[in-house]
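Here the structure comes first, spelled out in structure tokens, and everything after it is commentary.
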Amino acid sequence: MSIRVGVIGTGNIGTTHARNLQHAVSGAQVTAVYDFDTQRALDLGAEIGAVAYPSFEAVVDSPEVDAVVIASPDDFHADQTIAALRNGKWVLCEKPLAPTVAEAQRVMDAEIAVGHRRIQMGFMRRFDPGYLQLKAELDSGAAGEALLLHCVHRNPQAPYVQDSAVILSNSVVHEIDINRWLLGEEYADVTIVAGRSTPKVGTGVLDPMLVLFTTESGVLVEVESFTNCQYGYEVRCEVVATEGTIDMGSGSFIESARGGRRGSSIAGIWTDRFGDAYLRQMQSWIDGIEENEVNGPTTWDGYAAAVTAQAAVRALTSRTTEPIRLPARPALYA
Ligand code: ISE
């Protein structure tokens, strides 16, 4: 029997997830959608054949829903995830788990109280072919041990991200998670470096900025975050290691030459660059539910990312290196 999914939040990513689940993921069907923009939910429901519900509470309470995708604005993630847990639902929570550590802690406490992992975090880059190849090459040891990562995360525009702290918790959170996963270790500290910002942002917003992490083993992770680069959507990662380098490139696998010019296309938005990863993520989530387990990043990963992001937010104002300290990992996430 198909896993019946409710999608809360039918903006860009919620709609992408709903369409993937309805048309491309095996073992799932979308039975419910909700958005505070009622018409947007009605339009998506009519398009994919799902019922538009009047509230998120009605979705998480529905006997026609087994699992819920939380794709609402970040500030709603914690409460909606906890409500879904308390109604016995499986959850795919879009990143971030929560903008603050306190909210992330509440979610983790709620899942520990349930006594079984039921939340998968929407860190879809872990399913991206480019990052999977990068990790496989690093783990092979052929390039030696990682010493330094150069990361670039550029959005063409991010009008709803007009705050340096939100850029860290909403956008840089991807680098925070993927580099923990890539290197298999936690961070020790973080420093923010910024100079002139683009005139496309308001006064005081650091865009671009460099976020410099040091891991517990001393690997330097440098992240350029630029959310208003104008030219396109680009995510890069180059590993500098003891015997060589490994470069994921920009994920555009085709380079063409004609008319005296050579080049490749550039993604317009994250659903272009990571379309395959979003689909693979959803299939892993549904497959995991069928096996009564979480097949991907857990609430602990969401919590660790929240702790790290909050330390970066402190570094924004302190303008000094801030330590990053995680508590012991709860047994549920061992
Ligand atoms: C957005 O929510 C995403 O998750 C994208 O992957 C990221 O590039 C963007 O900056 C976020 O706002």
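In this chain, residues are counted from 1 in sequence order. First listed ligand is number 1; within each ligand, the first listed atom is number 1.
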### Query
Hey, mind stepping through Asp128 and Arg273 against side chain to side chain contact (heavy atoms under 4.5 Å, CB included) and telling me if it holds?
CA-CA 9 Å; Asp128 173 61; Arg273 166 64 183 80; 2.9 Å; yes

#### Entry: Best match, Val235, Val173, Thr271, Asn170: closest heavy atom to atom 12 (O) of ligand 1
Asn170

### Message
Restricting to side chain to side chain donor-acceptor pair (under 3.5 Å), what partner residues turn up for Glu291, sequence neighbours left out?
### Response
none

### Query
Taking only residues two or more places apart in sequence or in another chain, which ones pass side chain to side chain donor-acceptor pair (under 3.5 Å) with Ser318?
Glu322

#### Entry: Atom indices of ligand 1 within 4.0 angstrom of Tyr233 heavy atoms, with elements
5 (C), 6 (O), 7 (C), 8 (O)

### Message
Using every non-hydrogen atom in the two residues, find where Val59 and Lys89 come nearest and quote the distance to one decimal.
### Response
O-CE, 4.4 Å

Using non-hydrogen atoms of the residue, decide whether [X] is closer than 4.0 angstrom to ligand 1.
{"X": "Asn155", "answer": "yes"}
{"X": "Arg125", "answer": "no"}
{"X": "Glu94", "answer": "no"}

### Message
Looking only at distances, can you tell me whether any N or O atom of Ser171, backbone or side chain, sits closer than 3.5 Å to an N or O atom of ligand 1?
### Response
yes

#### Entry: salt_bridge(Arg236, Glu234) N-O dist < 4.0 Å
yes

